[in-house]
Amino acid sequence: MSVENDVLQRIRPSAEEAERVDGAARSLENAVKAYMEEHGIDAGLSFVGSYAKGTFLDGNDLDLFIMFPRDVPKETMVDTGLKIGEDVLHGHHEYSEHPYSSGYWEGVDVDLVPCYRMEPGEKLLTSVDRSPLHTRYVISKMSDAQKDETRLLKAFMKGIGAYGAEPENRGFSGYLCELLILKYGSFLGTLEAAAETWKEGFSITIEEKGPPMVSALVVYDPVDKNRNVASAVHTDTLALFIVAAQDYLMSPSERFFFPVPRRLLSAREIEMKAEGHGTRILTVVFKRPDIVEDNLYGQVWKTEDAICRKLDEYDFVVLRSEHVVGKEDVQIAYELDGDKLSRTERHMGPPVWVQRASNDFLRKWKDNPYGAPFIDEGSWCVVTERMYSSAREMVQDEAAISGIGRELDTSTMKVLSHEESIEKADRLLLTELMHPMFPWQENGN
């Protein structure tokens with residue numbers, strides 16, 4: 001048997017699992033219908049997502065959309081939808097880009113989402129109104145054989161760490177995977193296309209090409225040509241998928257779908273890696289804020305980048321950075337060219353023939369304790385004291401004004417030195433930082 005067939009045996013829902021989920025779906029739909037009839041609520045119901053399209057993997061969840069008439073006020077639509085979630089699902093409210101209820105029904109994870117009923121060509125009223133149209137489109141176009149091909153692509157994306165359009169992953173949504181199978185016909189066809197032709201800015205048209213868009217990958221939504229289905233895909237995630245596709249085509253393996261957990265480096269091994277690189281580690285730790293997870297991950301990426309820019313700005317060269325979001329804290333680790341610099345640095349002034357600027361420069365630095373101004377390559381220069389010679393001190397002073405995520409509270413921030421990082425920082429975080437490897441590589445070693 002091929003690798004793909006072996007993988008399908010593991011990821012395709014069993015007949016018993018499919019029957020269990022089908023039963024839960026029918027029961028949930030009936031319960032919501034009965035509730036709406038009892039309370040005089042005028043709305044339609046539609047299952048969306050992988051269950052409705054028949055592309056779900058083993059261990060599925062249900063997404064049931066409550067579609068309200070378009071003339072219902074938005075506040076009424078949201079409040080009524082959430083009330084149904086409370087009374088029928090007994091779930092909790094989630095507030096991401098769009099409010100919905102989340103809970104369990106007969107052992108199955110369920111999201112109950114209020115939205116407006118939408119037909120092709122109608123104006124979008126909320127961010128999720130297209131979802132039933134997406135489901136309808138895929139069902140109308142996808143063959144039974146392609147459902148398994150989609151399962152393979154989704155499992156592959158999950159295995160390599162490229163699945164999910166949420167800020168945590170910055171990757172490929174389930175709907176995007178389904179469209180890629182419709183475009184290229186199969187799992188291997190998608191991998192071959194990515195390996196051979198994709199590059200940053202690559203554009204894919206399923207039905208009709210829309211306006212030019214700037215993105216790592218552009219896939220025009222067949223339901224709305226003005227929308228890029230791949231807008232969440234980051235350049236690094238695109239590159240990861242291209243490399244994974246190339247590697248898989250050369251040497252297929254189940255490791256791409258089911259990666260082996262990484263062996264964590266010991267503290268001594270991490271220290272030896274740093275010594276071998278001639279580098280130092282700096283870790284910034286924040287208390288985890290109590291906010292919506294999607295918002296949190298967006299802010300963590302923003303914070304990682306902002307502190308990286310600050311470190312580079314003050315000449316603490318960043319080689320790599322990684323982050324981990326735990327239950328209690330957020331940790332961001334940086335591998336630095338060095339965490340200590342000389343007390344002084346050279347400061348460039350104007351060319352000597354720019355008289356007025358030269359006079360001002362010489363006047364400013366005439367009593368410089370680190371030496372008088374000198375000429376180099378036709379310009380005045382002076383040795384002056386650095387603002388920061390310690391990376392740790394710089395981050396402690398500058399993080400709050402560096403453009404980090406607004407919900408990451410610098411009053412809770414701790415900056416761990418190289419030695420403290422090796423002793424206290426998350427071990428998987430430091431393993432990924434100092435010994436980066438692709439998930440599909442043998443044993444993560």
With sequence neighbours left out, what residues match [X] under salt bridge (charged side-chain N to carboxylate O under 4.0 Å, His left out)?
X	answer
Glu75	none
Asp63	none
Lys141	Glu207

If we only count heavy atoms from C-beta on, is the [X] to [Y] side-chain gap below 4.5 Å?
X	Y	value
Met387	Asp397	no
Phe241	Leu191	yes
Leu188	Glu4	yes
His98	Pro114	yes
Leu125	Met118	no
Arg130	Arg227	yes
Asp6	Glu254	yes
Val330	Gln299	no

For [Y], is there any backbone N or O sitting under 3.5 Å from a side-chain donor or acceptor partner on [X]?
X	Y	value
Thr410	Met413	no
Ser358	Pro351	yes
Asn368	Val383	yes
Thr135	Ser131	yes
Asn228	Leu217	yes
Lys225	Pro211	no
Thr237	Val233	no
His92	Gly103	no
Ser215	Val218	no
Arg343	Ser389	no

Heavy-atom count check: over 12 atoms from other residues, nucleotides or ligands less than 6.0 Å from [X] [atom1]?
X	atom1	result
Asp290	CG	no
Lys147	NZ	yes
Tyr104	OH	no
Met348	CE	yes
Glu275	CD	yes

So does [X] pair up with [Y], basic N to acidic O under 4.0 Å?
X	Y	value
Lys310	Glu313	yes
Arg309	Asp312	no
Asp409	Lys287	no
Asp315	Arg386	yes

Does one side chain, of Glu345 or His347, offer a donor that lies under 3.5 Å from an acceptor on the other? no
Looking only at the side chains, is there a donor atom on one of Gln9 and Asn5 sitting less than 3.5 Å from an acceptor on the other? no
Pairs of donor and acceptor atoms involving the side chains of residues 193-201, under 3.5 Å and at least two apart or interchain, shall be tabulated with distances.
unit_1 : atom_1 : unit_2 : atom_2 : d
Thr197 : OG1    : Ala193 : O      : 2.7
Trp198 : NE1    : Tyr184 : OH     : 3.2
Glu200 : OE2    : Thr235 : OG1    : 3.3

If you look at every heavy atom in [X] and [Y], which pair is closest and at what distance?
X	Y	result
Ile11	Leu152	CD1-N, 4.0 Å
Tyr163	Cys177	CE1-SG, 4.1 Å
Gly185	Glu149	O-CG, 4.4 Å
Tyr297	Val325	CE2-CG2, 3.5 Å
Arg70	Lys123	NH2-O, 2.6 Å
Val415	Arg392	O-NE, 2.9 Å

Kindly indicate whether a cation-pi arrangement holds for Arg151 with Phe56, taking the cut-offs as under 6.0 Å to the six-membered ring centre and within 45° of the axis.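 Here Arg151 passes the 6.0 Å and 45° test against Phe56.
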[X]: partners by ring pair (Phe, Tyr, Trp, His ring centres under 6.0 Å), with sequence neighbours left out:
X	value
Phe47	Tyr51
Trp301	His323
Phe156	Phe187, Tyr248, Phe256, Phe257
Tyr175	His134

Which pairs of donor and acceptor atoms, one on a side chain in residues 332-341, lie under 3.5 Å apart (sequence neighbours left out)?
unit_1 : atom_1 : unit_2 : atom_2 : d
Tyr334 : OH     : Glu304 : O      : 2.9
Glu335 : OE2    : His277 : ND1    : 2.7
Glu335 : OE2    : Thr279 : OG1    : 2.7
Asp339 : OD1    : Arg280 : NE     : 3.3
Asp339 : OD2    : Arg280 : NE     : 3.2

Look up atom [atom1] in [X] and atom [atom2] in [Y], then write down how far apart they are to the nearest 0.5 Å.
X	Y	atom1	atom2	value
Asp129	Cys115	CG	SG	5.5 Å
Lys158	Leu153	NZ	CG	11.5 Å
Ser186	Ile181	OG	CD1	6.5 Å
Arg288	Thr412	CZ	OG1	13.0 Å
Leu430	Ile270	CG	CD1	4.5 Å

List the steps and the verdict of side chain to side chain contact (heavy atoms under 4.5 Å, CB included) for Leu265 and His435. CA-CA 9 Å; Leu265 298 180; His435 190 41; 3.9 Å; yes
Please enumerate all residues that pass side-chain hydrogen bond (donor to acceptor under 3.5 Å, both in side chains) together with [X], with sequence neighbours excluded.
X	result
Thr431	none
Asp376	Arg346
His90	none

